[in-house]
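One-based numbering, in listed order, for ligands and for the atoms of each.
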Amino acid sequence: MIELTDVHKTYLLGKTRVAALKGISLSIAQGDFVSVAGPSGSGKSTLLNLIGCLDRPERGSISIDGERVSTADRNRLAEIRARKIGFIFQSFNLIPVLNIYENIEFPLLLAHKKPDAAARRKRISRLIEQVGLTGQIKHRPDELSGGQRQRVAIARALVTGPSILLADEPTANLDSETGRTILALLRSLNEIDKVTLLIATHDTDIMQYASHIYRIHDGRLAAAADRPQHATV
Ligand SMILES: Nc1ncnc2c1ncn2[C@@H]1O[C@H](COP(=O)(O)OP(=O)(O)OP(=O)(O)O)[C@@H](O)[C@H]1O
Ligand SMILES: [Mg+2]
């Protein structure tokens, strides 16, 4: 369960204060598939970063599975991330000097209970196959296309088996065929493994499978619509 109460986030740009979130309250149950839509600059990535324990709000509270993360210290936030959260960044955030295999392995090396080398290899190979990158395993990120980098970022987010997966525009850089493959992978994680999904997206193909759609405008929620599963948009 993820609960946000009156969450505010302001960035300082030089001397200018940019209010990115202006009082967001929402709750997400385990196994929900939530889609966040809204124009560029409305606060979608900011919201994901806060829920993903990458940053803290100035005001309001965020709790995950009953633990208040909005006031947790940086070490505790890192632990929570390693233990329960997978994050697919809008800008991939791959590590340039590591090859594909090593990029995907990286979160496993930070995990609380590090799986042994054989278990790591098995899990990573399976994920690489699922995202269709078997031929590129030794490549570094700068030797890949945007869509291929996106798929590495997805595999890396999944490698620790997170209970919450946050994805910032996961299909924005993909052709429609690859986008559908990735969407099928995300849906099966949600439906079979009961992973909570929170996806910032403009992609109506993704939205049509969401259990809830939140629309954000200028840092505020415009409407929270509960949607029947598989409704058409
Ligand atoms: N690190 C930062 N420093 C200063 N301002 C920031 C920072 N990150 C975001 N902002 C500002 O906060 C607001 C919300 O940004 P955010 O990235 O959350 O929007 P978004 O909805 O994800 O947009 P997009 O669809 O373009 O990805 C914007 O006005 C943006 O300029
Ligand atoms: Mg964004």
query = Taking C-beta and beyond as the side chain, do Pro115 and Leu108 meet within less than 4.5 Å on heavy atoms?
reply = yes
request  = Specify the closest pair of heavy atoms between Arg56 and Asp73, including all atoms of both residues, with the distance to one decimal.
outcome  = NH1-CA, 3.7 Å
inquiry  = Under a plain distance cut-off of 3.5 Å, with no hydrogens placed, do Glu3 and Ser27 share a side-chain donor-acceptor pair?
reply    = no
query = Any donor-acceptor pair under 3.5 Å linking the side chain of Asp65 with the backbone of Met1?
reply = yes
N/O donor-acceptor pair under 3.5 Å between Ser25 side chain and Asp6 backbone = yes
message = Quick test of your reading of the model: are Glu129 and Arg126 salt-bridged, counting only N-O distances below 4.0 Å?
response = no
ask   = Who's touching ligand 1 if we go heavy atoms under 4.0 Å?
value = Tyr11, Leu13, Val18, Ala20, Pro39, Ser40, Gly41, Ser42, Gly43, Lys44, Ser45, Thr46, Gln90
query = Is the distance from the Mg ion (ligand 2) to some N, O or S atom of Ser45 under 2.8 Å?
reply = yes
